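Below is one structure, written out as structure tokens; the observations come after it.
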Amino acid sequence: MKELAKAYNPKDVEKKWYKFWEESGYFYGEVSSKKKPFCITIPPPNVTGESHIGHALCYTLQDVLARWKRMQGYATLCLPGMDHASIAVHRVVEEQLAKEGLSRHLLGREKFLERVWQWKNECSETIKNQFKILGFSFDWSKERFTMDEDYVDAVLETFVRFYNKGYIYRGQRVTNWCPGCQTAISDIEVDREERKEFLYYVSYPLEDGSGSITVATTRPETMLGDTAVAVHPKDERYQKFVGKILVLPLMERRIPIITDEIVDIHFGTGAVKVTPAHDINDFEIAGRHSLPKIVVIGKDGKMTKEAGVFANLDRYQAREEVLRELKAKNYLVKIEDYPLVLGLCERCHTAVEPLLSEQWFMRMKELAVPAIHVVKEGKIKFVPEQFTKVYLDWMENIRDWCISRQLWWGHRIPVWYCQKMKNPKCKMQNGVIVSKIAPQICPYCGSKELVQDEDILDTWFSSALWPFATLGWPKETEELRYFYPTSIMVTGSGIIHLWVARMIITGLEFMQDIPFSSVYINATVLNEDGKRMSKSLGTGIDPLEMIEQYGVDATRFGLMVQAGKAQEIRFGYQKAEMARNFTNKIHNAARFILTNLSDLHFLPSAFCLLPSALELPDRWILSRYHKIIEEVNQVLEEFSFDEASQRFYDFFWHDFCDWYLEIAKLRLGGEEKEQVQSILLLILEGSLRLLHPFMPFITEEIWQKLPRTLPKVRGESIMLANYPKSDKKWFDTLSENQMETIQKIVMAIRNIRSEMNLPPSQMIELQVKCSEPLVITLLLENLSIILNLTRSKNLIINDKIEKPKLSASSVIGQCEIFVPLADLLDVEKEKARLAKEVLNLSKLIDSISRKLTDQAFLNKAPKEVIEREEMKRREYTEKRERLERNLAVLMVLC
RNA sequence: GGACGGUUGGCUCAGUCGGUGAGAGCGCCUCGCUUACACCGAGGAGGUCGUAGGUUCGAAUCCUACACCGUCCACCA
């Protein structure tokens, strides 16, 4: 056997195994009628080149599930891909262009797109490589991109179908317009910044000269586009004005006084100027009251013709001019300081202008109904559960979705406009032609002058199709039939609305079935300072850096031990270091076991052994082992990755290495040698399989080195081996209790040794006073373990032992342990040690006694609780008496 | 403004159905390079469980209010 290195070096093994797995086709998601399917369509990362540890978390979770299910015998498909992420990529590429003194408008649409494709290709290679480094068992043969030919087809198909069913329409709406970037931008691209601004009070006179109403505004220049003043219907101050007409100052326009629930009685004067074309609320008010919408600020941020004498002024210049005029004509009542939250374009930092524009929308209310139903019914479950509410709250108040974007990188809207509209039929359709394929002539009037809509679709329109478009939809592929609905969607809480909700809607609409049965919302990874990781802020931790330092398995495990129910996790190097140390522990345990196997030609079949034929440590570790298998499988069913990894850690390190292995060392030289070797190997081999989903590389590396004679080690890779199943016949509570007694005794003696500063070379003697025959037998049967682990020469046990005067002592259950030390005994220290323990017990006994003398407690507490308390009191009291007696012996000495 | 989450030893976090001597990892202290592992082993110190009330025989755990931190959503001009 090849000598194993003293320390585990991940770099030696990781690349090799990934290559082996991939080339062997183990990741291939095969349709198999003999197996049950398990499928995850991996959330496609944006091709923006960003990479931080949060991605590593999300995808590792999925790989753990996939490897686990694959080993459990499911036909497993993890389908990877990338998202074209139109806005985000625009930002990246346009930034690059800006550095070269270029812009997308200077380049033109075609050249710009060429440039983006080039970027996309580089970027997706980088991401793919990272995923491979991380060991993800994704089926790369089925990799998809949201702008692949087939995928585009699916997107256009969706648009046409939705349009034909009347869900998609064209209309006007106020959207965030950036005059700097010359595009509409979504809410998430707007940075909010608090500014010290002013609130201006302007008086609008009544047409009949009977008075005036004062309105408050932060943007006086928009008054030029006012078409009403609104008050709350219940505002008594204005009851008498409702329905009357005002004369808009400077414009001399007659505008009505209307009522609307949206108005806040307590803000300003309680009367709001309504500017439908430049404010989202006002736009909605206008909709409810059929008010005209006058655009007074143009896309360039300058005043339009509609602004009359202010036309062509910059919007901020216009504000000054308007204020001057108002003041001159005595309409300006007062000015207050006012902190305003201003929307700024996150790219160019220009103040966003809400602007009325023509957009495509999707009606959502009706589509949301079945999507709400499947979640309420429990057909789709959110994990953690609290996110169900986030989803439902949004769905139940869903608004129409603006699906058009004035960008270039993405799916161009499959709509053409006839420029001629030569007949009434064409005019009736407004010359709108919706088609997957570019039409040559107008189907209505035969005109050849057709112009395609310039806009593209919102990125999420295409990602909404991910779970089925990746499997081949609209074609009826074998994969689609077999793997849809997929098993689980793992993603971040930030995109429940943007993405998850829409996948559920489109899945139900086009597949008539849910897209997945579970939605696991992974935590946001914060860095060590509790800050969100972001490349632009420089607060991200690059997973590759961590991998470089600790290896892939440690990085993955470090993430998994923290992947619990919390909404956020802080990630630091500590956890990765802990996990790295664990890999080393596993490596060395394996090294020890394999080294001690070297003279074995074949292995006895320990697997056939009956529990009764085994020794206590064997029965104990096998019981622990099977319980851990049970637990890991169970908590994984609940997606408790933290529990699964931590429990395994505790078992392997503490039970197996600290105790079983240490005890095994004593037995490997004796008659039980082969039995012990077999059990060591059995537990090691099973542990590797149990751990494999979390740490794929080290487990494969060691597993491949195990003797092939082991029945379980016949396959060509651990990732194809069976995942361990627990066998309850090995559950052995008695052995666990007995072992616990031994451990406690050993620990008590070690504590004495340590407190008395006894060097390891100092052998000691043990005397145990015990009257319980079963315990005496237990200790005698495991005598060599106790002696060896405590470095003791011998042990005398019976019920007549008296405490040697110069000895340290301890009480464990039925046993009183004495360590005669003669002049090695530090009497003062020992007295202090015992006194402290007595004091501790006294406190406990007092608190229990207080309970047990409390009538209320005795009357109302359940019987079991009272009994347990009584039992504890007896136990502690007895222990205290013994300790006090031993302490008394020492007191006599001085 | 609303919703959700968090607040437990120096740090990062567990803690199930209310009854535990409140746990772990890191860090710290003492001892030890005992031929798997110093990326280790043995032992130890360290916590009025954010604050204030309440429910209860009994609260880290349930309820209310508040504070601070975080995330998401939002139509206060």
Side-chain angles (χ1 to χ4, degrees), chain A residues 4 6-8 187 199 215-219 222 230 262-264 266-269 271-275 279-285 338 340-341 384 386-387 389-390 393-394 397 492-497 523-524 526 528 530-532 550 554 561-562 564-575 577-596 642-643 646 649-650 657-658 661-662 665 746-747 750-755 757-761 789-791 840-841 843-844 847 851 854-862 864-866 868-869 872 876:
Chain A
L4 278 145
K6 200 169 175 185
Y8 176 62
D187 291 345
L199 191 60
V215 298
T217 178
T218 54
R219 302 195 60 200
T222 63
I262 202 172
V263 179
D264 181 349
H266 307 290
F267 187 89
T269 60
V272 192
K273 61 191 269 314
V274 180
T275 320
D279 186 284
I280 291 168
N281 304 322
D282 293 3
F283 175 78
E284 284 178 9
I285 295 176
Y338 186 71
L340 181 70
V341 180
Q386 74 241 24
F387 291 105
K389 187 172 151 52
V390 175
D393 284 352
W394 163 273
N397 298 296
S493 62
I495 52 179
I496 290 174
H497 310 136
T524 307
L526 309 177
E528 280 159 307
K531 294 273 158 54
R532 195 200 177 100
Y550 301 110
V561 294
Q562 300 179 92
K565 280 169 278 175
Q567 268 185 20
E568 66 211 34
I569 56 182
R570 287 191 190 200
F571 195 85
Y573 287 86
Q574 276 188 12
K575 290 285 192 308
E577 194 173 322
M578 176 272 285
R580 190 272 317 265
N581 293 349
F582 189 41
T583 58
N584 195 238
K585 190 75 182 174
I586 296 164
H587 170 85
N588 275 291
R591 190 157 74 102
F592 172 79
I593 293 166
L594 291 176
T595 309
N596 281 287
D642 56 336
E643 288 271 309
Q646 280 172 39
Y649 177 97
D650 287 339
C657 291
D658 288 350
L661 228 83
E662 289 307 316
K665 284 177 184 172
V746 168
M747 287 190 282
R750 281 172 171 173
N751 175 261
I752 290 171
R753 289 194 69 110
S754 181
E755 291 287 315
N757 285 323
L758 302 181
S761 56
L789 295 183
T790 59
R791 302 195 59 77
N840 266 342
L841 285 169
K843 279 185 197 158
L844 280 170
S847 96
K851 274 190 206 175
D854 183 353
Q855 261 321 309
F857 175 76
L858 293 172
N859 290 340
K860 296 191 178 171
E864 308 90 70
V865 173
I866 297 173
R868 196 159 58 230
E869 292 299 318
K872 277 198 298 196
Y876 296 157

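Heavy-atom basis, side chains included; hydrogens, waters and symmetry copies ignored. It should be emphasised that the depicted structure is a prediction, and the values quoted were computed from it without experimental measurement. The chains referred to below are lettered A, B, ... by the order of the sequence lines, with proteins before strands, and numbering in each begins at 1.
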- Message: Could you tell me how far rU8(B) sits from rA60(B) if I compare only their C1' atoms? Round to whole Å.
- Response: 7 Å
- Item | Between rU56(B) (C1') and Lys851(A) (NZ): distance, integer Å | 13 Å
- Query: Roughly, in whole Å, what's the span from OH in Tyr573(A) to P in rG27(B)?
  - Reply: 17 Å
Enumerate the protein-to-nucleotides 60-62 of chain B contacts in which both atoms are nitrogen or oxygen and the separation is below 3.5 Å.
none

- Message: Rounding to an integer number of Å, can you tell me how far Tyr8(A) OH sits from rC40(B) P?
- Response: 16 Å
- Task: Quickly work out the Met578(A) CE to rU12(B) P distance and round it to whole Å.
- Result: 15 Å
- Message: Taking rA24(B) as the reference, what is the distance to rG9(B) when you measure between their P atoms (whole Å, please)?
- Response: 15 Å
- Task: Answer with base, sugar-phosphate or nothing: what part of the nucleic acid does His587(A) contact at a heavy-atom distance below 4.0 Å?
- Result: nothing
- Message: Any N or O donor-acceptor pair under 3.5 Å from the base of rA36(B) to the side chain of Lys665(A)?
- Response: yes
- Message: Just to be sure I understand the rule, does Pro862(A) reach a base, reach only the sugar-phosphate, or reach nothing, if contact means heavy atoms closer than 4.0 Å?
- Response: base
- Query: Counting only distance, no hydrogens or angles, is the base of rG70(B) paired donor-acceptor with the side chain of Glu568(A) under 3.5 Å?
  - Reply: no
- Side-chain N or O of Asn581(A) closer than 4.0 Å to phosphate OP1/OP2 of rC40(B): yes
- Query: Does a distance-only test, which skips hydrogens and angles, find a donor-acceptor pair under 3.5 Å between the side chain of Gln567(A) and the base of rG70(B)?
  - Reply: yes
- Item | Rounded distance in Å - CG (Leu661(A)) to P (rU34(B)) | 17 Å
- Which part of the nucleic acid does Lys843(A) contact within heavy-atom distance under 4.0 Å: base, sugar-phosphate only, or nothing? nothing
- Task: Would you tell me if any nitrogen or oxygen in the side chain of Lys860(A) comes within less than 4.0 Å of OP1 or OP2 on rU56(B)?
- Result: no
- For the side chain of Glu662(A) and the base of rA36(B), is some donor closer than 3.5 Å to an acceptor across the two? yes
- Message: Just to be sure I understand the rule, does Asn840(A) reach a base, reach only the sugar-phosphate, or reach nothing, if contact means heavy atoms closer than 4.0 Å?
- Response: base
- Message: Expected output check: what is the dot-bracket annotation of RNA chain B, where ( ) and [ ] are pairs inside the strand (brackets for crossing ones), | is paired with another strand, and pairs are Watson-Crick or G-U under 3.5 Å?
- Response: (((((((..((((.....[...)))).(((((.......))))).....(((((..]....))))))))))))....
- Message: So Ala230(A), base contact, sugar-phosphate only, or nothing? Heavy-atom distance under 4.0 Å.
- Response: nothing
- Cation-pi check, Lys585(A) to Tyr649(A): give yes when NZ or CZ is under 6.0 Å from the six-membered ring centre and within 45° of the ring axis, no otherwise. no
- Query: When the C1' atoms of rU12(B) and rA36(B) are considered, how many whole Å apart are they?
  - Reply: 29 Å
- Task: Please examine the side chains of Thr222(A) and Lys273(A), heavy atoms only from C-beta on, and report whether any two atoms are closer than 4.5 Å.
- Result: yes
- Across the strands shown, which category fits Ile285(A) at heavy-atom distances under 4.0 angstrom: base, sugar-phosphate, nothing? nothing
- Query: Checking all strands, does Val390(A) fall into the base, sugar-phosphate, or nothing category for heavy-atom contacts under 4.0 angstrom?
  - Reply: nothing
- Item | Separation of rC40(B) C1' from Arg591(A) CZ (nearest whole Å) | 12 Å
- Query: Ignoring hydrogens and angles, does a donor from either the side chain of Lys585(A) or the base of rC37(B) sit under 3.5 Å from an acceptor on the other?
  - Reply: yes
- Query: Expressed in whole Å, how much space separates the P atoms belonging to rG46(B) and rA22(B)?
  - Reply: 13 Å
- Task: Let me see the working for Met578(A) and Asn581(A) under side chain to side chain contact (heavy atoms under 4.5 Å, CB included), right down to the final yes or no.
- Result: CA-CA 5 Å; Met578(A) 176 272 285; Asn581(A) 293 349; 5.7 Å; no
- Task: Answer with base, sugar-phosphate or nothing: what part of the nucleic acid does Arg750(A) contact at a heavy-atom distance below 4.0 Å?
- Result: sugar-phosphate
- Within less than 4.0 Å of OP1 or OP2 of rA77(B), is there a side-chain N or O belonging to Tyr338(A)? yes
